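Note sheet for the following structure.
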Amino acid sequence: QVQLVESGGGLAQAGGSLRLSCAASGNIFSITTMAWYRQAPGKQREMVALITTTGGTNYADSVKGRVTISRTNANNAVYLQMNSLKPEDTAVYYCRTDTFNRNTYWGKGTLVTVSS
């Protein structure tokens, strides 16, 4: 199993920046894709960004150019650098990992609130 713990959320002003971190533990050698999702109040959870084992990335259109995802080579952490924050970025942000044996793990989330 893999355990995920997010940190770095909080209150930011529009135009500001936040860096989210997700620490992975347990069977980290089985991790493949790592990703960040978010869920705003009353909305469905959506993918924000993902990064593959080879460093390939994919971003939601709503965050392209403002967000950068990165991971450690040891698979023990994934980060989300968010710049030029907007009020619509307000959400609970979740870390997700997939593994070689097709399991999916989620963290408990960290709240990001962006004030206008």
Side-chain angles (χ1 to χ4, degrees):
Q1 290 199 350
V2 175
Q3 295 79 41
L4 302 170
V5 179
E6 302 96 337
S7 62
L11 178 64
Q13 290 189 335
S17 298
L18 282 175
R19 179 177 170 85
L20 305 183
S21 300
C22 174
S25 60
N27 191 17
I28 61 173
F29 300 105
S30 68
I31 290 175
T32 56
T33 301
M34 305 182 83
W36 286 93
Y37 281 67
R38 68 185 181 187
Q39 187 166 18
K43 295 187 177 181
Q44 289 188 333
R45 192 173 297 189
E46 63 176 359
M47 189 206 74
V48 177
L50 67 81
I51 184 166
T52 68
T53 53
T54 56
T57 57
N58 191 25
Y59 296 94
D61 288 342
S62 58
V63 302
K64 280 181 181 177
R66 302 189 295 117
V67 164
T68 302
I69 188 171
S70 59
R71 64 189 287 175
T72 61
N73 291 333
N75 283 350
N76 56 0
V78 61
Y79 306 98
L80 191 70
Q81 177 67 44
M82 301 190 295
N83 301 321
S84 302
L85 285 165
K86 303 177 180 180
E88 50 264 43
D89 293 321
T90 295
V92 177
Y93 284 71
Y94 298 91
C95 177
R96 163 182 165 163
T97 65
D98 299 323
T99 65
F100 285 117
N101 55 354
R102 300 184 180 181
N103 288 326
T104 297
Y105 297 94
W106 293 89
K108 294 184 178 181
T110 185
L111 177 63
V112 171
T113 303
V114 183
S115 63
S116 57

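Note that the structure is predicted; figures quoted are calculated from it, not measured.
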Linked, directly or transitively: Y93 and L85 (ILVMFWY side chains, under 4.5 Å) | yes

Among pairs that include at least one residue of residues 57-94, which meet disulfide bond (SG atoms under 2.5 Å apart), considering only residues two or more places apart or in two chains?
-> none

Determine all donor-acceptor pairs shorter than 3.5 Å in which one atom belongs to a side chain in residues 10-24; sequence neighbours excluded.
from: S17; atom 1: OG; to: N83; atom 2: OD1; distance (Å): 2.9

Which residues share a ring pair (Phe, Tyr, Trp, His ring centres under 6.0 Å) with Y37, sequence neighbours left out | W106

Do M34 and M47 belong to the same hydrophobic cluster, where Ile, Leu, Val, Met, Phe, Trp and Tyr are linked whenever their side-chain heavy atoms lie under 4.5 Å apart, directly or via other members?
-> no

If you measure from CZ on F100 to CG on N27, what distance do you get to the nearest 0.5 Å?
-> 10.0 Å

Residues, nucleotides or ligands: over 12 heavy atoms within 6.0 Å of N73 CG = no

State plainly whether one hydrophobic cluster holds both V78 and L111, where clusters connect Ile, Leu, Val, Met, Phe, Trp and Tyr through side-chain heavy atoms under 4.5 angstrom apart.
-> no

Please identify each residue that fulfils side-chain hydrogen bond (donor to acceptor under 3.5 Å, both in side chains) with T32, with sequence neighbours left out.
-> none

Shared hydrophobic cluster, M82 / V114 (ILVMFWY, side-chain heavy atoms < 4.5 Å) = yes

Shared ILVMFWY cluster between I28 and Y79, side chains joined below 4.5 angstrom?
-> no

Considering non-hydrogen atoms only, spot the tightest contact between R71 and I31 and give its length.
-> NH2-CG2, 3.8 Å

Apply the side-chain hydrogen bond (donor to acceptor under 3.5 Å, both in side chains) test between T104 and each candidate in T97, D98, T99; give the one that qualifies.
-> D98

Donor-acceptor contacts, no H, no angles, side chain residues 55-65, under 3.5 Å, sequence neighbours left out:
from: Y59; atom 1: OH; to: I69; atom 2: N; distance (Å): 3.0
from: D61; atom 1: OD1; to: K64; atom 2: NZ; distance (Å): 3.1
from: S62; atom 1: OG; to: R38; atom 2: NH2; distance (Å): 3.3

N/O donor-acceptor pairs under 3.5 Å from side chains in residues 1-9, not counting sequence neighbours:
from: Q3; atom 1: OE1; to: S25; atom 2: OG; distance (Å): 3.4
from: E6; atom 1: OE1; to: K108; atom 2: N; distance (Å): 3.1
from: E6; atom 1: OE1; to: G109; atom 2: N; distance (Å): 2.9
from: E6; atom 1: OE2; to: C95; atom 2: N; distance (Å): 2.8
from: E6; atom 1: OE2; to: G109; atom 2: N; distance (Å): 3.2

